[in-house]
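Just so we're on the same page: letters track the sequence lines, and every chain starts at 1. Worth saying up front: this structure is predicted, and the values here are computed from it rather than measured.
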2 protein chains.
Amino acid sequence: MDGKPYIAQRPKRADGRRNYDAILAAARKAFESAGADASLEDIASQAGVAIGTLYRHFPTRASLVEAATRDGLENLVAHAERLTAGPDPLDALIAWMREAVVHFSTFRGLVGILAQSMYDEGTPSHTMCSAMHRSGADLLRAAQAAGRVRPDLTPDELFDLLSGAAWVREQATPDRDGSARFLELLLEGITTRD
Amino acid sequence: MDGKPYIAQRPKRADGRRNYDAILAAARKAFESAGADASLEDIASQAGVAIGTLYRHFPTRASLVEAATRDGLENLVAHAERLTAGPDPLDALIAWMREAVVHFSTFRGLVGILAQSMYDEGTPSHTMCSAMHRSGADLLRAAQAAGRVRPDLTPDELFDLLSGAAWVREQATPDRDGSARFLELLLEGITTRD
DNA sequence: GATTTAAGCTGAGGCAACCTCAGGATGTCA
DNA sequence: TGACATCCTGAGGTTGCCTCAGCTTAAATC
């Protein structure tokens with residue numbers, strides 16, 4: 001939309017770095033337990049820092065979420081590259097999809113943010129989302145080239161399916177997590193018959 | 001959880017009914033354009049009523065959402081009954097699923113509330129959700145009895161699939177609505193081959 | 001070690017939304 | 001025309017968001 005997205009950067013000064021890290025740690029914990037709309041003032045006070053300091057390092061909630069989930073998404077991309085080298089492209093795609101669903105539902109509200117970021121440049125998470133999109137698209141293409149996945153499935157559609165599965169997982173209570181089954185049924189729909 | 005859910009009831013006195021209806025109309029409009037977390041104070045003022053009046057009729061946001069969506073869900077249940085009489089149980093199930101996805105995504109945030117209500121008694125929408133669950137389960141059972149849908153699919157799983165599809169639709173921008181395709185792929189996964 | 005200065009920190013305060021409740025208004029019924 | 005239950009009002013307490021003017025301090029320089 002407007003200008004480039006703000007990606008939080010670890011600051012230079014020692015006290016700055018200390019606070020940055022403390023805020024990030026507190027945010028991860030808070031998001032985990034209260035979802036993506038956890039109170040920022042709580043996060044600041046958990047980190048032992050004034051609210052202004054949180055805003056200095058992370059001017060928007062989205063930038064904080066981005067920083068808190070960057071590692072996970074980087075891993076996902078890295079893992080995709082490793083999987084590409086494997087023998088079976090369908091197995092690779094499936095393994096990656098499972099992992100993606102888990103990452104997308106790290107905490108309540110995350111999938112929504114990622115789905116938003118996927119198609120909205122000017123969003124902090126957009127960069128990582130695009131990278132992930134590419135990883136997935138590569139794995140998909142390979143599986144399609146091997147004739148193992150229906151050729152008319154597009155990467156965008158793949159991401160819709162993954163987001164849907166992740167959303168269901170996000171909603172689920174510990175005793176009722178249908179996401180594995182959800183993915184299984186999806187796979188049934190997108191793989192080719194033999 | 002605690003006690004029975006509060007289901008908003010149309011009040012007795014003429015001014016009460018007038019306000020109740022006005023609030024409901026304003027709420028529908030607001031939910032449509034701002035999602036389920038639209039400002040209640042805005043809704044009240046749009047309805048030409050003080051905030052206290054809104055709370056009198058609808059003590060919680062969930063009760064207002066319930067009232068605003070009750071008709072739609074009732075229709076869905078009624079339609080299921082009509083469909084049961086049809087010749088082809090798979091066609092009936094599919095038609096109903098399409099309709100369900102549309103209803104679930106009437107406005108942003110609704111699927112989340114419904115998914116919540118489905119398994120949480122003590123929620124205003126729980127009653128309607130259960131009724132819907134039953135409708136869907138009936139149609140599913142019929143299609144399974146006819147050997148048209150994989151027999152191991154449970155009603156709960158069916159609702160996970162529908163919610164996932166609805167969520168994707170809810171997220172979609174007008175130019176990018178993958179929900180039809182989503183459902184198509186799901187159907188591929190749950191129908192039996194011939 | 002003292003000086004300088006850019007980087008960082010603080011928290012009061014304005015704003016918006018939520019929700020409650022005491023006091024006042026009014027439809028309805030007899 | 002009362003009497004009264006129902007209904008309405010809106011001020012105000014609370015929480016969370018976010019900004020900014022003023023203060024502190026790490027670290028680079030001399």
- Message: In whole Å, I'd like the distance from the CD1 atom of Ile51(B) to the P atom of dG12(D).
- Response: 17 Å
- Message: Go nucleotide by nucleotide along DNA chain D from the 5' end; which of Gly52(A) and Leu40(A) gets its closest nucleotide reached first?
- Response: Leu40(A)
- Are Arg176(B) and Tyr119(A) in a cation-pi setup, meaning NZ or CZ lies under 6.0 angstrom from the ring centre and within 45 degrees of the ring axis? yes
- Task: Compare the minimum distances between each of dC7(D), dG16(D), dA17(C) and the side chain of Glu41(A), then state the nucleotide with the smallest one.
- Result: dG16(D)
- Message: Check Arg18(B) with Asp15(B), please: is the shortest side-chain N to carboxylate O separation under 4.0 Å?
- Response: no
- Query: Is a salt bridge present between Asp37(B) and Arg61(B), judged by a nitrogen-to-oxygen distance below 4.0 Å?
  - Reply: no
- Item | Closest to the Arg56(B) side chain, choosing from dC7(D), dG16(D), dA11(D) | dC7(D)
- Nearest-nucleotide wise, let me know which of Leu54(A) and Asp37(B) is further upstream toward the 5' end of DNA chain C. Leu54(A)
- Query: Out of dT10(C), dT28(C), dC8(D), which nucleotide sits closest to the side chain of Asn19(B)?
  - Reply: dC8(D)
- Query: Are the charged groups of Arg181(A) and Glu157(B) less than 4.0 angstrom apart, N to O?
  - Reply: yes
- Of the candidate nucleotides dT10(C), dC18(C), dA26(D), which contains the atom at the shortest distance from the side chain of Ala50(A)? dT10(C)
- Item | Nearest-neighbour nucleotide for the Arg61(A) side chain, dC17(D), dA7(C), dC8(D) considered | dC17(D)
- dA7(C) P sits how many Å from Gln9(A) CD, rounded? 13 Å
- Message: Quick check: on DNA chain C, is the nucleotide nearest Arg17(A) upstream (toward 5') of the one nearest Thr60(B), or the reverse? Name the residue that is more 5'.
- Response: Arg17(A)
- Message: Within the 4.0 Å heavy-atom criterion, would you say Thr53(A) contacts the bases, only the backbone, or no part of the nucleic acid?
- Response: base
- Note on the structure: The nucleotide from dA26(D), dT10(C), dG16(D) with an atom nearest the side chain of Ala14(A) is dA26(D)
- Message: Using a heavy-atom cut-off of 4.0 Å across all strands, would you classify Ala44(B) as base, sugar-phosphate, or nothing?
- Response: nothing
- Checking dA7(C), dT20(C), dC7(D) against the side chain of Tyr55(B) (C-beta onward), the nearest is dT20(C)
- Item | Of the listed nucleotides dT20(C), dA26(D), dC17(D), the one nearest the side chain of Asp15(A) | dA26(D)
